[in-house]
Protein chains: 2
Amino acid sequence: MKIDPKNPADLSAQIAHAIRDAIVSGELIVDERLPSESELAQQFQVSRPTVREALKRLAAQSLIRTQRGASGGAFVKRLSYEDAYTQQITTSTLLLSMNEVSFDTACEARYALERACAPLSAERRSADHLATMRAEIFRQSQPGLTDEAFCASDVAFHRALVDGAGNPVLSYQLAGAVEAMQPLMNMITFTARSRERIVTLHARIADAIEAQDGEDAGHGLSALESETRALAQNVFAARALVAREREVNSEGSPEDRT
Amino acid sequence: MKIDPKNPADLSAQIAHAIRDAIVSGELIVDERLPSESELAQQFQVSRPTVREALKRLAAQSLIRTQRGASGGAFVKRLSYEDAYTQQITTSTLLLSMNEVSFDTACEARYALERACAPLSAERRSADHLATMRAEIFRQSQPGLTDEAFCASDVAFHRALVDGAGNPVLSYQLAGAVEAMQPLMNMITFTARSRERIVTLHARIADAIEAQDGEDAGHGLSALESETRALAQNVFAARALVAREREVNSEGSPEDRT
DNA sequence: AGACTTTTAAATGTCAGACAAATAAAAAAT
DNA sequence: ATTTTTTATTTGTCTGACATTTAAAAGTCT
């Protein structure tokens with residue numbers, strides 16, 4: 001892990017890369033202590049601030065944790081499921097918000113993945129997961145709920161469904177897909193009528209999970225996907241219409257800027 | 001984005017968090033230039049190295065890119081699919097390697113997700129995807145292939161299957177699940193007989209995809225999952241036996257140490 | 001005037017040395 | 001033997017400086 005060509009640009013990136021490789025290759029194991037910053041600086045023949053920048057890069061990826069004081073230092077960190085969740089969610093959220101991913105594409109991916117969980121969840125769900133799903137359905141049927149709260153409850157419902165599969169790797173993978181959709185979902189205004197339909201489908205899915213009927217749960221998810229996509233299409237179509245009208249109106253009175 | 005309590009520890013982390021929030025909330029948009037390091041230092045009332053460490057954290061997450069020279073600086077980066085892939089893969093790989101995730105759990109998650117892609121892939125796969133799958137099957141049937149090369153080809157086959165769904169979000173999500181399994185798969189020694197069975201199943205899956213029969217492709221994947229898990233079980237059982245024998249043998253001659 | 005070259009300024013990348021703060025181990029005192 | 005004090009180590013931060021890159025401004029020549 002002593003690779004360091006004499007290209008004097010991106011030194012900190014190179015050092016971070018070298019250490020990262022040592023970690024992923026197993027050369028450095030969990031909870032092992034890295035050399036101190038001064039030692040690393042000597043080893044790589046760079047200054048301490050440069051080493052520090054490299055370490056910060058690794059800390060940002062939850063690859064190491066640092067501890068102050070005597071016998072402190074940088075330690076290889078065990079990547080917890082929680083850290084992995086949050087990383088996955090931010091990456092997915094940014095990917096969707098920055099790359100003009102269509103609502104349909106994201107929606108399709110999300111429901112395809114969820115359908116993959118349905119049979120497992122139907123088989124293994126605990127009473128706790130079922131209770132959570134029922135509670136969220138109840139919350140969603142309350143009148144006076146804001147659109148945001150409705151979406152948050154929707155996410156909670158689907159997370160319970162996914163967690164019911166009892167496979168942490170699956171939960172981790174799905175966390176990104178489900179949560180990253182929330183900003184997109186928040187753009188939708190839910191009418192009372194559409195909420196009712198969604199709640200009905202949620203109840204159907206919960207029933208299927210309770211009855212351990214994975215196939216029916218899958219069908220419920222498919223129906224929910226269609227419902228969601230149709231709903232989004234209407235909302236976006238209406239919004240595009242409004243935008244076009246505004247454009248036409250502003251044609252004769254160009255007074256607005258940025 | 002000017003939150004900065006007077007807790008003088010983790011300043012760089014706090015600043016990184018503040019800027020990150022500004023990005024994910026849309027306050028800073030893609031390709032927008034951040035203030036220069038000196039300006040940020042003034043704004044947050046810290047020194048430039050502290051700001052730099054914060055920026056390195058963000059760069060490690062592919063949230064910003066930096067450019068030297070006049071009119072250079074830090075810019076909000078559009079998170080590309082490629083960057084997202086690599087992040088996803090490293091996170092998944094570390095999660096699996098550091099958390100004693102059982103082979104079965106990882107395998108189950110992977111095939112559940114792949115089955116989710118099968119119907120979409122059957123519907124939309126291009127000739128290119130089919131050709132890749134066939135080519136990898138051919139490579140896998142070549143004698144004299146190392147176990148590592150066999151695994152790599154296996155990954156390529158499954159990636160083609162996933163990419164066939166034509167949904168980049170799905171491909172991104174699956175990349176981690178498929179590639180992160182590779183180190184685990186590399187622990188397996190494939191006998192000629194087991195390779196033959198795997199190739200046969202691959203061919204069956206490719207046939208189903210070509211015939212646009214998503215259901216049959218799903219069944220093929222399920223069969224492949226069973227095959228893989230049985231194979232792994234045998235390998236691990238044999239390995240455990242060897243380890244136990246070695247332990248017994250070393251009981252009378254304790255001469256080995258790390 | 002227009003095209004090319006040179007200069008300049010702004011920004012990041014790196015370095016050096018220093019001090020503050022936290023923390024655990026060693027030393028000292030009770 | 002236990003508690004307290006000291007000490008050494010290590011990270012976190014600051015100040016100031018120089019090197020390097022790069023685009024724009026200034027200057028020069030045709």
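Residue numbers start from 1 in every chain, and the chains themselves are labelled A, B, ... in the order their sequence lines are given, proteins ahead of strands.
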Could you tell me whether the phosphate oxygens of [N], OP1 or OP2, come under 4.0 Å of any side-chain nitrogen or oxygen in [X]?
{"X": "S71(B)", "N": "dA23(D)", "result": "no"}
{"X": "T50(B)", "N": "dC14(D)", "result": "yes"}
{"X": "T66(B)", "N": "dG13(C)", "result": "yes"}
{"X": "R52(B)", "N": "dT13(D)", "result": "no"}

Round to a whole Å and report the spacing from [atom1] of [X] to [atom2] of [N].
{"X": "D10(A)", "N": "dT12(C)", "atom1": "CG", "atom2": "C1'", "result": "11 Å"}
{"X": "L55(A)", "N": "dT10(D)", "atom1": "CG", "atom2": "P", "result": "14 Å"}
{"X": "I15(B)", "N": "dT13(D)", "atom1": "CD1", "atom2": "P", "result": "8 Å"}
{"X": "E37(A)", "N": "dA16(C)", "atom1": "CD", "atom2": "C1'", "result": "15 Å"}
{"X": "F44(A)", "N": "dC15(C)", "atom1": "CZ", "atom2": "P", "result": "13 Å"}
{"X": "E53(B)", "N": "dT12(C)", "atom1": "CD", "atom2": "C1'", "result": "15 Å"}
{"X": "Q67(B)", "N": "dT12(C)", "atom1": "CD", "atom2": "P", "result": "11 Å"}
{"X": "Q42(A)", "N": "dG17(C)", "atom1": "CD", "atom2": "P", "result": "12 Å"}

E148(B), CD atom: more than 12 neighbouring heavy atoms under 6.0 Å: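 Counting neighbours around CD of E148(B), 12 or fewer heavy atoms of other residues, nucleotides or ligands fall under 6.0 Å, so no.
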Closest-nucleotide ordering on DNA chain D, the 5'-leading residue of A74(A) and P49(A): A74(A)
With the threshold set at 4.0 Å, does a side-chain nitrogen-carboxylate oxygen contact exist between [X] and [Y]?
{"X": "R65(B)", "Y": "D83(B)", "result": "no"}
{"X": "R139(A)", "Y": "E136(A)", "result": "yes"}
{"X": "E37(A)", "Y": "R68(A)", "result": "no"}

Quiz item: R48(B) side-chain donor-acceptor pair to dT14(C) base, under 3.5 Å: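 Looking at the base of dT14(C), it does pair with a donor or acceptor on the side chain of R48(B) (distance under 3.5 Å).
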Taking only the side-chain heavy atoms of [X] (C-beta and beyond), determine which of [options] contains the nearest atom.
{"X": "V46(A)", "options": "dC15(C), dA11(C), dT9(D)", "answer": "dC15(C)"}
{"X": "S47(A)", "options": "dA23(D), dT14(C), dT23(C)", "answer": "dT14(C)"}
{"X": "A70(B)", "options": "dT11(D), dA23(D), dT14(C)", "answer": "dA23(D)"}

For L94(B) against N99(B), the heavy-atom pair lying closest together: O-ND2, 4.4 Å
Touch class at under 4.0 angstrom, heavy-atom based, for R33(B) against every strand present: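 The residue R33(B) makes sugar-phosphate contact but no base contact.
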